[in-house]
Amino acid sequence: MPKFNPISEYDMYLFGQGAHYEMYQKLGAHPCKKGKKSGVSFAVWAPHAKNVWLIGNFNGWNESSHPMERLEPNGIYGIFTEDAKEGDLYKYLIETQDGRRLYKSDPYACYAELRPGTASKVFDITKIKWSDDEWIKARSAKKEGDLYHEPMAIYEVHPGSWMRHPGRDDDGFYTYRELAKALTSYVKDMGYTHVELMGISEYPFDGSWGYQVTGYYAPTSRYGTPEDFAYFVNYLHNHGIGIILDWVPAHFPRDAHGLADFDGEPLYEYADSRKGEHPDWGTKIFDYGKTEVKNFLIGSALYWVEQFHVDGLRVDAVASMLYLDYGKEDGQWVANEYGDNKNLEAIEFFKHLNTVVCGRNHGVMMIAEESTAWPMVTGKAEDDGLNFTFKWNMGWMHDFLDYMKLDPYFRKDNHNKMTFAMSYNESEKYILVLSHDEVVHLKCSMINKMPGLEGDKFKNLMAGYAFMMGHPGKKLLFMGQDFGQMHEWDEKTELEWFLLDRPLHQNLQKFVKALLKIYRENPSMYELDHQWNGFEWINADDGYRSIYSFVRHDDGCKNNLLFVINFTPVAREDYRVGVPKDGKYQLILNSDDKKFGGSGNIRKKVFHAEKSECDGREYSIAYPLPAYGIAVFRYE
């Protein structure tokens, strides 16, 4: 058990400066030894409070037996007691200046009572054992920019609905430990490189999917203890899989036990409701100008990375933080000192956050879910960028889905939707995403967005996935999309795994697996994602036939892949495509293969370039391109 570590004047100074990045080691609940006494040290920041008491099952929730001592100048209340121990439930009883009594959970708690309970729970994270030293050592050895030249195929997962135990009296959730083994097996078999978990920081309402957080330092107790979550991360790392967490510094819920009006007045949120509330979401907005609040959030980010070894954080709803008028009407927001709608405090917060997290943890990534054209999201802080590692390419996603939903007859008039993203590809470091947000709220599942009858839907989706995988940018697919989940995603039920008994779904899954294998094994697919020389259009203008052809290059052009994708049900038996040079072109992926549900017609494995002009190239090859046909060739 650790020794008692009191809050010093220097701790309080750093906290007040917003630079105490390990303040979670002082605030919250910490089992420890004070001299010969074993107990728990509790501390909470509540500067507006008149009095604070510690209450819990260890004192029968007695509201007067454990008064906490106020420490100045920050307004932190602390107590060490032998009465509490690991596993105990507790809250802080806060008496406000006007005499109200608030019952608050601990903002810095590392564990929480299972909902619908709202108490915090004492847990000693220092006892957690790790065995992923090799992974962490390799990650730490990465130099700046290395992540941009590595493969990244992310499998986005909602832990509570990926797979469930049928017929159990409880929710049937897989525990973190069960999920570790089952999920690792699936991800390894398919060929993904990373798992991204939707919000697991403690939250009260299942229907928020973890995006309305009350416990920024606590993995949700729905699936087990903090030690169980550490086992999950450890297990993935030891099987070569990276782990990304969704993280939500944009807003928090109004729940009475949570952060809202924590000590009787706005503390974590802006005091002015025009800055401190989201009218559409019914949530509170963090005060990014308050040093202690910035400390709380930056400390949370570092906590997940440094205490739980996660490899990256996907920051949710970045745009809502950057724009003061986001989701607001006139009169609901207040302009900045220059009279415009930029939240200058949030901008500085992001620069601070990303510089500290990535600067202290080489090889860790910070990913922005930013839905506007805000410039330099992944630009360097010293160049006035926000310093994120990657940005979700929401523009590509919307254009892609708009195109894919069209009847093939109308695609010829929307050909540029699939080419436009390359006009701005070098402006940011992008991840191409087909996330959970696209398969909920009556948006249909991915397979049911596709036009045509059942068989055509699957062929359409195969063509779409091939285009996505070949297009520059790292990749993300939400669970269920890789085998054609039929219904919209529902957090209350598991994925439709039974569909894998059906050939069409089996074939789609095999095709995605083949794409992922090609992606991982060919540096041309990821090495130059964000550089002009990594991609080359062969024909970006074949709109009439709705066919796209392009080449991906690696550094040095030693490994090159040629993609040809037909987005109509019309076969082109005599299709000729220009090629960059003379030589042999090896067919490495053919969607007409029987294992993908194709005709199984025998095709040559190697095509020799002919000196026949096509697509403005001196050389070309002729390939019998089927309806919705996809062909990928490798050449040197």
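Not measured: the values here are computed from a predicted model. What's counted below: heavy atoms across the whole structure, side chains too, no hydrogens, waters or symmetry copies.
Under a cut-off of 6.0 angstrom, the local environment of NZ in K181 is sparse, with at most 12 non-hydrogen atoms contributed by other residues, nucleotides or ligands. Within 6.0 Å of the CD atom in E86, the count of heavy atoms belonging to other residues, nucleotides or ligands exceeds 12. Within 6.0 Å of CD on Q97 lie more than 12 heavy atoms contributed by other residues, nucleotides or ligands.
A side-chain N or O of H251 and one of T283 form a donor-acceptor pair less than 3.5 Å apart. Judged purely by distance below 3.5 Å, without hydrogens or angles, the side chains of Y430 and S427 pair a donor atom with an acceptor atom. Donor-acceptor pairing under 3.5 Å is recorded for the side chains of W162 and Y155.
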task: Apply side-chain hydrogen bond (donor to acceptor under 3.5 Å, both in side chains) to N343 and Y288, showing your working.
output: CA-CA 9 Å; N343 189 330; Y288 306 109; over 6 Å; no
query: Do Q25 and Y108 pass the side-chain hydrogen bond (donor to acceptor under 3.5 Å, both in side chains) test, and can you show the C-alpha distance, the side-chain angles, and the key distance before you say yes or no?
result: CA-CA 9 Å; Q25 295 177 355; Y108 283 85; over 6 Å; no
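A salt bridge is defined here as a Lys NZ or Arg NE, NH1 or NH2 lying under 4.0 Å from an Asp or Glu carboxylate O, and K121 with E113 fails to meet this definition. By the 4.0 Å N-to-carboxylate-O rule, K351 lies close enough to E348 to be salt-bridged with it. A salt bridge is absent between K474 and E150; no separation between the charged side-chain nitrogens and carboxylate oxygens falls under 4.0 Å.
Partners of D272 by salt bridge (Lys or Arg N to Asp or Glu O under 4.0 Å), not counting sequence neighbours, listed by chain and number: R274. Considering only residues two or more places apart in sequence or on other chains, T175 meets the side-chain contact (heavy atoms from CB on, under 4.5 Å) condition with R177, E178. Partners of D106 by salt bridge (Lys or Arg N to Asp or Glu O under 4.0 Å), not counting sequence neighbours: none found.
The cationic group of K294 does not satisfy the cation-pi geometry with F349, failing either the under 6.0 Å distance to the six-membered ring centre or the 45° limit from the ring axis. For the pair R115 and Y203, the cation-pi criterion (under 6.0 Å, within 45° of the ring axis) is not fulfilled.
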